[in-house]
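For reference, the structure is listed below as structure tokens.
So you know, we letter chains A, B, ... as the sequences are listed, proteins then strands, and number each from 1.
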Amino acid sequence: MTEPVETRHFIQQMIDADIERGQWGQAGDRSVVTTRFPPEPNGFLHIGHAKAILLNYGLAKEFGGKFNLRFDDTNPAKEEQAFVDSIKHDVQWLGATWDGEVKFASDYFEQMYDWACELIRKGLAYVDEQPVDDIRAQRGSLKEPGKPSPYRDRPIEESLDLFERMKNGEFPNGAMVLRAKIDMSSSNMNLRDPLMYRIVNATHHRTGDTWHIYPMYDWAHGLEDSIEGVTNSLCTLEFEDHRPLYDWFIDAINKDRGPDSPWGEKIHHPRQTEFSRLAISYTNMSKRYMKQLVDEGHVSGWDDPRMITIAGFRRRGYTPKSLQMLAEDVGITKFNALVDMGRVENMIREDLNDRAPRRMVVLDPIKLTITNWGEGGDEDRVEMMAIPNHPQDESYGQREIPFGKELYIEREDFMEEPPKKFFRLGPGREVRLRAGYWVTCTDYTKDSDGNITEVFCTYDPQTKGGNNPPADAEGKVRKVKGTLHWVHAPSAVDAEVRLFDRLYMVERPGKKSGDHLDDLNPDSLQIISGAKCEATIAERTSDEPDWVDGIRRFQFERQGYFCVDQDSTPDKLVFNRTASLRDSWAKQQ
RNA sequence: GGGGGAAUGGUGUAAUUGGUAGCACGAGGGAUUCUGAUUCCCUUAGUUCGGGUUCAAGUCCCGGUUCCCCUACCA
């Protein structure tokens with residue numbers, strides 16, 4: 001067999017080449033690599049952001065460089081401190097640690113203002129006093145060139161004066177803007193004299209009322225990167241058209257700069273590279289869609305376990321590791337891929353299968369009574385049964401659970417008239433109760449609606465612990481096809497269990513229907529109030545791992561992976577189903 | 001009637017930069033199993049199309065097709 005070779009994606013290869021060539025300094029020095037995650041603090045992070053965070057953090061870590069968390073807080077009208085806090089929390093939870101202090105674009109407003117003045121002085125920017133609509137009309141269209149503003153060639157001193165007064169708050173919103181003087185006939189719309197500053201008379205969450213002008217994204221972003229010494233400014237595909245502008249602004253500042261220049265030395269010029277954003281079937285990454293789901297009450301909030309926000313995944317029980325695995329799995333390319341939601345589910349199954357301690361919980365209980373238990377004596381007898389906490393990992397140890405006359409089993413594990421391939425309980429059939437005894441169904445009762453109310457069985461005392469009975473006279477050992485989970489009724493603890501399904505019924509919500517709300521899955525949430533748990537689950541036990549986020553997670557045997565919800569209290573346990581187990585029986589049906 | 005990107009099994013990705021198209025997931029089959037889980041084994045199926053260069057093309061050249069993005073005082 002061939003050795004597994006480490007393959008490097010196109011961004012890694014590009015950085016390798018840059019390092020080798022000495023693009024950022026001394027050739028071979030890997031530690032210069034600096035990346036950043038630049039969220040706008042105007043909402044919650046989603047799984048798509050996780051890909052970007054992990055890419056940037058991963059690169060910095062791999063090369064021994066730096067990773068910055070920088071808030072792009074250039075629009076006071078939309079941004080809030082609360083989002084800053086939630087974003088920091090999410091980034092940390094994902095396992096990405098940023099270098100030094102958290103950074104803010106607003107820390108650089110003064111520097112950006114100075115550079116803007118420099119561009120005006122160099123004749124590369126001007127104040128435009130036209131109303132929005134006029135500017136828009138003059139921009140032209142995709143196929144027609146734009147027309148220059150009448151203010152385009154106004155004297156430098158005039159622009160300088162107006163710009164300063166814009167800054168000082170002398171004008172109302174929309175009165176005028178600062179524009180770069182580039183090319184009104186460019187086939188790239190971004191180059192048709194883009195706006196650099198607009199007037200926004202609003203209170204900023206960090207700078208308060210200091211500023212009355214705020215920089216636009218294209219002007220600000222590259223400068224922020226430059227100031228921080230970012231080498232690789234990574235962003236998504238839709239910014240490819242912006243790269244010429246990103247470069248133009250830095251080049252404009254560097255124009256006529258150099259040793260002995262009155263403007264000063266040249267500033268650092270980062271490299272912008274674009275990769276495709278993450279898209280997942282049966283979801284939508286649109287912030288607008290997500291906000292609508294929350295605002296209109298289709299979900300309980302931004303952290304609803306059905307949401308694809310990082311907070312939603314966390315509450316659902318996903319681990320940081322599972323999201324890291326996903327990011328690794330989908331890779332980095334420029335191809336607009338659609339990742340199957342099934343892959344996301346497989347990642348958390350893979351992680352939790354390795355790590356989650358097992359428990360027995362009956363979600364939809366029916367009573368099972370063992371009629372020959374305590375025959376001729378003690379019907380209340382309880383036997384303690386040892387059961388492994390993890391079948392593949394002995395280090396998890398084992399626990400003892402009670403077994404007695406009255407138990408609960410899963411409603412779907414009994415059928416009155418079972419088909420041949422049904423390996424579970426039915427009249428006259430024998431099954432193993434996991435780590436308990438083998439039982440044979442002798443009778444059952446129904447209510448007037450035909451629902452099974454109770455199942456009666458006899459047990460075989462020779463199968464204690466769930467072990468096979470001894471061989472008969474001919475040396476043959478009796479066999480059972482099915483093993484059921486169960487809970488001892490008298491000691492069972494009640495719990496609420498929330499089962500989640502996909503939020504949307506179609507691969508691309510809103511694509512065909514036109515409205516994503518029409519594609520919502522009406523059965524995406526099912527709340528079970530009377531689940532029966534083995535008593536060991538009520539409080540944390542020593543076999544439970546130390547999850548980095550402190551959230552308790554389990555596999556409920558034969559059911560799936562579950563975590564303790566934040567709504568859970570000692571008096572009322574609440575579990576969320578993170579993912580079901582794969583179920584080849586259900587698939588057969 | 002403009003500009004910028006991208007196309008490899010069902011899905012997501014590799015291919016030492018011109019030299020055996022590989023990996024993972026899924027799907028199908030089998031083995032093991034005190035979870036119809038896990039684990040293990042086998043099978044399945046691919047270079048967007050048409051030309052060209054070459055001993056040799058996923059890779060280079062020419063032409064076509066399809067998909068995504070771009071006309072916010074948002075980022």
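- B:U33 and B:A37 are spaced 10 Å apart, taking the C1' atom of each and rounding to whole Å.
- On the C1' atoms, B:G5 is 34 Å away from B:U44, given to the nearest whole Å.
- At B:A27, one or more side-chain N or O atoms of A:K587 fall inside 4.0 Å of OP1 or OP2 (strictly under the cut-off).
- The 5' end of RNA chain B is approached more closely, in terms of each residue's nearest nucleotide, by A:Q13 than by the other of A:Q13 and A:K78.
- Rounding to whole angstrom units, CZ of residue A:R136 and C1' of B:C74 are separated by 12 Å.
- Using a 4.0 Å heavy-atom cutoff across all strands shown, A:F71 reaches no nucleic acid atom at all.
- Between A:H390 and A:Y396, the angle of the ring planes lies from 30° to 60°, which puts this pair in the tilted group.
- A distance of about 27 Å separates the C1' atoms of B:G18 and B:G12, rounded to the whole Å.
- No contact: A:M176 has no heavy atom under 4.0 Å from any strand.
- Of the charged side-chain nitrogens involved, at least one lies within less than 4.0 Å of a carboxylate oxygen, so that A:K464 and A:E383 count as a salt-bridged pair.
- When each of B:A27, B:G36, B:A75 is scored by its nearest atom to the side-chain atoms of A:F423, the top-ranked nucleotide is B:G36.
- Atom CD1 of A:I387 is separated from atom P of B:A37 by 17 Å (rounded to the nearest Å).
- Relative to the side chain of A:E144, the nucleotides B:U35, B:A75, B:G1 differ in distance, and B:G1 lies closest.
- Taking the C1' atom of each, B:A7 and B:U48 are spaced 6 Å apart, rounded to whole Å.
- Among the heavy atoms of the strands lying under 4.0 Å from A:S584 are primed sugar atoms or P, OP1, OP2 only; no base atom is included.
- With hydrogens and angles left out, the side chain of A:Q392 and the base of B:U39 share no donor-acceptor pair within 3.5 Å.
- Atom OH in A:Y561 sits about 10 Å away from atom C1' in B:U35, given to the nearest Å.
- Among the atoms of the strands shown, none is found under 4.0 Å from any heavy atom of A:Q559.
- A:E328 CD to A:L55 CG: the interatomic distance, rounded to the nearest 0.5 Å, is 10.5 Å.
- More than 12 non-hydrogen atoms from other residues, nucleotides or ligands lie less than 6.0 angstrom from CD of A:E400.
- Residue A:R424 places no side-chain N or O under 4.0 Å from the OP1 or OP2 atom of B:G36.
- Here B:C73 presents its C1' atom at 14 Å from OH of A:Y197, a figure rounded to the nearest Å.
- When heavy atoms are screened at a 4.0 angstrom cut-off, A:H485 is found touching no nucleic acid atom at all.
- Between the side chain of A:D329 and the main chain of A:R343, no donor-acceptor pair closer than 3.5 Å is present.
- Heavy atoms of A:N467 sit under 4.0 angstrom from at least one base atom.
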For nucleotides 30-32 of chain B, which of its nitrogen or oxygen atoms have a protein nitrogen or oxygen under 3.5 Å away, and what is each distance?
none

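- Per the geometry, CD belonging to A:Q588 stands 8 Å off C1' belonging to B:G36, to the nearest Å.
- For the pair A:D583 and A:R558, the salt-bridge criterion is not met [side-chain N within less than 4.0 Å of a carboxylate O].
- Nucleotides B:G19 and B:C60 have their P atoms positioned 11 Å apart, rounded to a whole Å.
- Closest contact between the side chain of A:M189 and the listed nucleotides B:U71, B:G36, B:U17 involves B:U71.
- Ring orientation note: the planes of A:F109 and A:Y214 are nearly perpendicular, at an angle over 60° on the 30°/60° scale.
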Contact pattern, 5' to 3', of nucleotides 8-13 of chain B - B, S or - by protein heavy atom under 4.0 Å: ---BSS
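- Between A:R206 and A:E79, no side-chain nitrogen of the basic residue sits less than 4.0 Å from a carboxylate oxygen of the acidic one, so the salt-bridge criterion is not met.
- Checked against the 6.0 Å centroid criterion, the rings of A:F423 and A:W585 do not qualify as a close aromatic pair.
- Separating the CG atom of A:L278 from the P atom of B:C68 is a distance of 18 Å, rounded to the nearest angstrom.
- In this structure, the ring of A:Y151 has its center no less than 6.0 angstrom from the ring center of A:Y126.
- Between A:F562 and A:F556, the two ring planes are parallel [angle under 30°; tilted spans 30° to 60°].
- No engagement by A:E410 is indicated, since no non-hydrogen atom pair under 4.0 Å with the nucleic acid exists.
- Heavy atoms of A:R434 sit under 4.0 angstrom from at least one base atom.
- Taking every side-chain heavy atom of A:M216 into account, B:C73 is the closest of B:G36, B:C70, B:C73.
- Taking only side-chain nitrogens and oxygens, A:R198 comes nearer than 4.0 Å to OP1 or OP2 of B:C74.
- Residue contacts for A:P244: at a heavy-atom cut-off of 4.0 Å it reaches no nucleic acid atom on any strand shown.
- One can place CG of A:D583 at 14 Å from P of B:U35, the figure rounded to the nearest angstrom.
- Between A:F163 and A:Y113, the ring-plane angle classifies as parallel under the 30° and 60° cut-offs.
- Counting any heavy atom pair closer than 4.0 Å across all strands shown, A:D72 reaches sugar-phosphate atoms only and no base atom.
- Classified by its glycosidic torsion, B:U66 falls in the anti category, the angle being over 90° from 0.
- Under a 4.0 Å N-O distance rule, the pair A:K334/A:E274 qualifies as a salt bridge.
- Rounded to the nearest Å, the gap between the C1' atom of B:G50 and that of B:A45 is 25 Å.
- A straight line from CZ of A:F554 to C1' of B:A37 spans 18 Å, rounded to a whole angstrom.
- With a 3.5 Å limit on both pairing distances and Watson-Crick or G-U wobble geometry required, the stems of 3 or more pairs in RNA chain B span B:2-7 with B:65-70, B:10-13 with B:22-25, B:26-31 with B:39-44, B:48-52 with B:60-64.
- Comment: A:K287 does not engage A:E40 in a salt bridge, judged by the lack of any side-chain N to carboxylate O separation of less than 4.0 angstrom.
- Using atom P as the reference point in both B:U59 and B:U20, the two lie 13 Å apart (nearest Å).
- Closest to the side chain of A:L195, out of B:A37, B:G36, B:C73, is B:C73.
- Looking at the side chain of A:R139, the nearest of the listed nucleotides B:C73, B:A37, B:A15 is B:C73.
- Using a 4.0 Å heavy-atom cutoff across all strands shown, A:E557 reaches at least one base atom of the nucleic acid.
- Ring pair A:F239/A:Y217 is tilted by interplanar angle, where 30° to 60° counts as tilted.
- In this model, a side-chain donor or acceptor of A:R358 finds a partner on the base of B:U35 within 3.5 Å.
- By the criterion of a centre-to-centre distance under 5.5 Å and near-parallel planes under 30°, the ring of A:Y217 forms no stack with the base of B:A75.
- A:P131 comes within contact range of at least one nucleobase, with a heavy-atom separation under 4.0 Å.
- Scanning atom types as modelled, no donor and acceptor separated by under 3.5 angstrom connect the side chain of A:E240 and the base of B:A6.
- Within the 3.5 Å criterion, the main-chain N or O of A:R70 finds no donor-acceptor partner in the side chain of A:N68.
- Here the separation of B:G58 from B:U8, taken at their P atoms, is 15 Å to the nearest Å.
- At a threshold of 4.0 angstrom between heavy atoms, the contacts of A:E328 with the nucleic acid are absent.
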